[in-house]
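Below you'll find the structure, written out as structure tokens, and then a few comments.
Numbered from 1 within each chain, the chains take letters A, B, ... in sequence-line order.
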There are 2 protein chains.
Amino acid sequence: MNNGRFSIALHILTLLDKANGELLSSEYLAGSININPAMVRKELINLRINGFVQSKEGKNGGSSLAISANEITLGAIYQSVKQISLLGSQKNTPNPKCPVGKNINEHLNDLYNDTELILIKQLNKQSLADFSSKFS
Amino acid sequence: MNNGRFSIALHILTLLDKANGELLSSEYLAGSININPAMVRKELINLRINGFVQSKEGKNGGSSLAISANEITLGAIYQSVKQISLLGSQKNTPNPKCPVGKNINEHLNDLYNDTELILIKQLNKQSLADFSSKFS
DNA sequence: TCATTCTGTAATTATTTTTATTACAGTACA
DNA sequence: TGTACTGTAATAAAAATAATTACAGAATGA
């Protein structure tokens with residue numbers, strides 16, 4: 001991963017888990033994370049798409065977990081926020097006339113994919129519930 | 001990892017391995033990678049510090065591997081180029097008044113460190129020689 | 001019904017990070 | 001002593017991230 005989105009997503013989810021079903025507003029969440037509520041709402045879109053949270057509009061609205069914290073692994077969170085590949089951005093345009101340059105992207109991709117699989121497997125060892133339980 | 005430096009470093013090292021001891025200039029390396037020679041020279045500084053390459057100044061100068069490609073693991077290359085933590089930048093400044101915010105950085109750091117160890121272990125399974133042998 | 005308090009979302013701007021460029025001093029060779 | 005390199009700094013450009021602002025629309029409840 002290469003963005004603060006994982007941290008933010010995990011922070012949101014941990015707070016929601018701690019809230020035990022009570023709806024938390026994006027402003028409240030933003031207060032704990034110390035970022036802008038609009039950023040929280042943006043990340044909530046993604047968490048909703050991935051089925052982790054549900055939100056209620058309007059007065060007294062807010063968000064809560066949509067499924068049990070036991071069912072949400074850190075690997076799944078990671079996958080929900082990652083967009084570009086793990087070890088480097090793939091905008092390299094090496095020289096196709098060079099035997100190495102011509103093929104390196106293919107080999108780098110293989111390497112990144114293999115490595116990322118291991119990473120996700122490792123993250124999957126821990127659920128949101130496990131992570132959340134570390135907090136008092 | 002979250003920068004193109006890994007790709008560049010590995011590309012450089014692969015080219016040097018293929019060159020079989022012959023000195024390659026930063027301009028030649030840059031030509032294969034399709035980046036600026038100054039960028040290559042910058043990355044070479046790091047590779048030198050880490051003992052992977054050696055460079056010779058002056059006319060007919062250039063760089064070559066300083067140790068055998070068998071002794072350079074991809075994990076070691078990864079470690080040489082990484083600067084910030086794996087899963088997210090650590091500039092978060094959560095709200096210390098919140099029980100979750102107060103402690104999340106500590107727990108995130110633990111998680112990142114554990115995960116990164118696994119990642120490096122995985123990358124260490126492959127040496128530069130292994131990687132380089134994939135190219136004709 | 002209507003003021004209030006939320007979310008949803010788009011548009012814009014600011015900041016930070018990364019990458020690229022330029023330039024030139026110093027070194028080694030022939 | 002000219003040429004072809006590296007070393008390195010300074011600067012600029014580009015890209016990625018994050019923050020801000022704004023406002024329409026939804027739900028509540030007085």
Pairs under 3.5 Å (N/O, protein and nucleotides 28-30 of chain C):
{"residue": "C:dA28", "atom": "N3", "partner": "B:K59", "partner atom": "N", "Å": "3.3"}
{"residue": "C:dC29", "atom": "OP1", "partner": "B:K56", "partner atom": "NZ", "Å": "3.1"}

- request: Would you please classify the geometry between the A:Y112 ring and the B:F6 ring as parallel, tilted or perpendicular, with 30° and 60° separating the classes?
  value: tilted
Nearest-Å distance for atom pair [atom1]/[atom2], residues [X] and [N]:
X: B:K82; N: C:dT18; atom1: NZ; atom2: P; result: 13 Å
X: A:N36; N: D:dT21; atom1: CG; atom2: C1'; result: 9 Å
X: A:L23; N: D:dT28; atom1: CG; atom2: C1'; result: 13 Å
X: B:L47; N: D:dT6; atom1: CG; atom2: P; result: 14 Å
X: A:L24; N: C:dT5; atom1: CG; atom2: P; result: 18 Å
X: A:M39; N: C:dT7; atom1: CE; atom2: C1'; result: 17 Å

Are [X] and [N] close enough that a side-chain N or O sits under 4.0 Å from OP1 or OP2?
X: B:S26; N: D:dT6; value: yes
X: B:S55; N: D:dT6; value: no
X: A:R48; N: C:dT7; value: no
X: B:R41; N: D:dG7; value: no

field: From B:S68, B:S64, B:S132, residue fulfilling side-chain hydrogen bond (donor to acceptor under 3.5 Å, both in side chains) relative to B:D17
entry: B:S132
Validation row: A:L128, A:T73 side chains within 4.5 angstrom (heavy atoms): no
- prompt: How do B:P37 and A:E27 order along DNA chain C: which one's closest nucleotide is nearer the 5' end?
  reply: A:E27
task: Mind running side chain to side chain contact (heavy atoms under 4.5 Å, CB included) on A:K82 and A:E116 for me, showing each step along the way?
output: CA-CA 11 Å; A:K82 90 174 174 70; A:E116 186 157 70; 3.4 Å; yes
- prompt: For A:L44, which contact category applies under a 4.0 Å heavy-atom criterion: base, sugar-phosphate, or nothing?
  reply: nothing
message: Of the listed nucleotides (C:dT9, C:dC6, C:dT22), which one gets closest to any side-chain atom of A:S25?
response: C:dC6
Side chain to side chain contact (heavy atoms under 4.5 Å, CB included) between B:L74 and B:Q122, worked out: CA-CA 9 Å; B:L74 300 195; B:Q122 170 69 10; over 6 Å; no
query: For the side chain of A:S133 and the backbone of A:D130, is there at least one donor-acceptor N/O pair under 3.5 Å apart?
result: yes
